[in-house]
Amino acid sequence: MKIVKTIAEVRAEVKEWRRQGLSVGLVPTMGFLHEGHKSLIERAVSENDRVVVSDFVNPTQFGEGEDLEAYPRDIHRDAELCSEVGANLIFHPEVSEMYAEGACTMVDMKGEMTTGLCGKTRPIHFRGVCTVVSKLFNIVTPDRAYFGQKDAQQLAVIKRMVKDLNFDIEIVGCPIVREADGLAKSSRNTYLSEAERKAALVLSQAVRKGQEMMESGETNLDRITDAMKGLISAEPLARIDYVEAVNAENIQPVHSTEDCEQVLVAMAVYIGKTRLIDNFIS
Ligand code: AMP
């Protein structure tokens, strides 16, 4: 497995693979890889002849006062994990390689898909995500790209963007990978103190509560999100950013399970200073 830092090197590798008639999968990540990322890479390895993992903390998707500088990084450990699961190439560029001096073109999706849920507190986030993912798609030109359901809004946004901009790429969504006690795996979990780590369990407990209510026949989504909020509010270290039910495809708010084909119940919760997300789809 190779680690490369330039766009030219990625293009040369992919060109050679294409010459041999091989298919290519892409797994975009910000590094500090864990089991969640691993599941995406494994899926990509099982469905493609060659797999590229991008490992890049993308500055354009971080707002002011967010954790861009503090975001954990460990390329050596990432390389070990990628090599173990059979990835072929890690693309690990510098910021100056991805954003050449004078760069001024962004991919800016309009409407509720990017202004709802996480977009409310992170207004420039999805512009950064759409921009960097478009660039990665143009650099790697994969047949398939793999994204986690953990970032359900991101997955919906990317699917929409691929449709809108006619990328000839299949977007594959992969299930949330959790710790044994339920906490969704995240690079940001490393920020949590011991007490916060315990408190963070309210997110997955709220997910379970919502799922149980739905399974026992509750169709009123406001009742479900209210119960979830009640559970989270009882934890002193937790502060709710949002708990909302939306149409999983277009992120429009919904109030009944009968309002759309797939309901996404999503949340963002601060545990101390760390903002964590979790969700379920039904
Ligand atoms: P990140 O490095 O956090 O930007 O995540 C890179 C990709 O891994 C995204 O598509 C995420 O949705 C996915 N991912 C992160 N955590 C998990 C998880 N716990 N389960 C499944 N996918 C995940």
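Read the numbers this way: they start at 1 and go in the same order the structure lists the ligands and their atoms.
Remark: Glu66 engages Arg122 in a salt bridge (Lys or Arg N to Asp or Glu O under 4.0 Å) (not counting sequence neighbours).
Salt-bridge check for Asp143 with Arg18: passed, with a basic side-chain N closer than 4.0 Å to an acidic carboxylate O. By the 4.0 Å N-to-carboxylate-O rule, Glu47 lies close enough to Arg43 to be salt-bridged with it. A salt bridge links Asp181 with Arg197; the closest basic N to acidic carboxylate O contact falls under 4.0 Å.
Residue-level contacts of ligand 1 at the 4.0 Å heavy-atom threshold are Pro28, Thr29, Met30, His34, Gly36, His37, Leu40, Tyr71, Phe147, Gly148, Lys150, Asp151, Gln154, Pro175, Ile176, Val177, Lys185.
No side-chain donor from either of Thr29 and Asp55 sits under 3.5 Å from a side-chain acceptor of the other. Remark: the Asn58 side chain and the Tyr71 side chain contain no N/O donor-acceptor pair separated by less than 3.5 Å.
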